[in-house]
Amino acid sequence: MFTKKNNLIITTEANKAGDIKLLLSDLANFNTRNEKLRMFSLAKLKPGEEVEFHIHEGECEYYYIISGEAVYDDNGVVMPLEPGDVTYTPSGTGHGIKCAGDTILEFIALIITD
């Protein structure tokens, strides 16, 4: 199976002002897929915008940074991220990410349920 980029389902998330801050392209948009896969998306976050700190219960999440600069909050430990870096957030823990540069932050977000 394959999906052409023109057929990807794109969803958006707005900031408090109502402006689009995050674009998610669903990379797992297939009729059949593993039931434990909740998200496999290309995420694009605008400069200065963030995915606020949140906790995962019953699932884990990975980020793979493709381009741009980020500041990552791993349960209160804040660190910079750059292309090629990978994060892992197991169930019961939390994280957040902010675009720290002046260009769009692109990363893969993968969520797998327990």
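These numbers come from a predicted model, not from an experiment.
Residues Lys36 and Glu59 have side chains not in contact (no heavy-atom distance under 4.5 Å, counting atoms from C-beta outward). In this structure the side chain of Thr87 never reaches within 4.5 angstrom of the side chain of Asp85, judged on heavy atoms. Two residues are said to be in side-chain contact when any heavy atoms from C-beta on lie closer than 4.5 Å; Leu8 and Thr3 meet this criterion. Ile55 has its side chain out of reach of Thr93: every pair of non-hydrogen atoms, C-beta onward, lies at least 4.5 Å apart. Side-chain contact between His95 and His54: present, with at least one pair of heavy atoms (C-beta onward) separated by less than 4.5 Å. Inter-residue side-chain proximity for Tyr63 and Ile108 is flagged as unmet; no heavy-atom pair is nearer than 4.5 Å.
In this structure, CD on Glu52 lies 9.0 Å from CG on Asn15, to the nearest 0.5 angstrom. Glu13 contributes atom CD, which lies 11.0 Å from atom CD1 of Ile20 (distance to the nearest 0.5 angstrom). Between the CG atom in Asp73 and the OG1 atom in Thr89 there is a gap of 9.5 Å [rounded to 0.5 Å]. Expressed to the nearest 0.5 Å, how far NZ of Lys5 lies from CD1 of Ile10 amounts to 11.0 Å. Between the CG atom in Asp114 and the CD atom in Glu57 there is a gap of 9.5 Å [rounded to 0.5 Å]. Once rounded to the nearest 0.5 Å, the distance linking CZ of Phe107 with SG of Cys99 reads 9.5 Å.
Remark: the backbone N or O of Gly94 is paired with a side-chain donor or acceptor of Asn75 at under 3.5 angstrom.
One finds no salt bridge joining Lys98 and Glu49 here, because no Lys/Arg side-chain nitrogen approaches an Asp/Glu carboxylate oxygen to under 4.0 Å.
Linking ILVMFWY side-chain heavy atoms closer than 4.5 Å, directly or via other members, places Tyr64 and Leu105 in two distinct hydrophobic clusters. If you chain together hydrophobic residues whose side chains sit under 4.5 Å apart, Tyr62 and Leu42 fall into the same group. A single hydrophobic cluster is not seen to contain both Phe40 and Ile97; linkage of ILVMFWY side chains at heavy-atom distances under 4.5 Å, directly or through other members, places them apart. Under a hydrophobic-cluster definition in which Ile, Leu, Val, Met, Phe, Trp and Tyr are linked whenever side-chain heavy atoms come within less than 4.5 Å, directly or via other members, Val86 and Leu37 are assigned to the same cluster. Tracing side-chain contacts under 4.5 Å through hydrophobic residues (I, L, V, M, F, W, Y), one never reaches Met39 starting from Leu23; they form parts of separate clusters.
With Tyr72 as reference, Leu81 is the one residue of Val78, Leu81, Ile65 to meet the side chain to side chain contact (heavy atoms under 4.5 Å, CB included) rule.
Shown here is Lys21, whose NZ atom has more than 12 heavy atoms of other residues, nucleotides or ligands within 6.0 Å.
Between Cys60 and Tyr88, the shortest heavy-atom distance links the atoms CB-CE1, 3.7 Å. The shortest heavy-atom contact between Ser41 and Asp26 is OG-CA, 3.9 Å. Contact detail for Gly101 and Pro47: the closest heavy-atom pair is O-CB, 3.4 Å. When all heavy atoms of Glu50 and Leu45 are compared, the closest pair comes out as CA-CD2, 3.8 Å. Minimum heavy-atom separation, Ile66 to Pro83: O-CB, 3.3 Å. The two residues Leu22 and Ala43 come nearest to each other via the heavy atoms CD1-CB, 4.1 Å.
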Stepwise side-chain contact (heavy atoms from CB on, under 4.5 Å) check, Val71 with Met79: CA-CA 6 Å; Val71 173; Met79 66 199 73; over 6 Å; no
CA sep, side-chain torsions, deciding dist, call: Glu106, Ser67, side-chain hydrogen bond (donor to acceptor under 3.5 Å, both in side chains): CA-CA 5 Å; Glu106 288 186 295; Ser67 64; 3.0 Å; yes
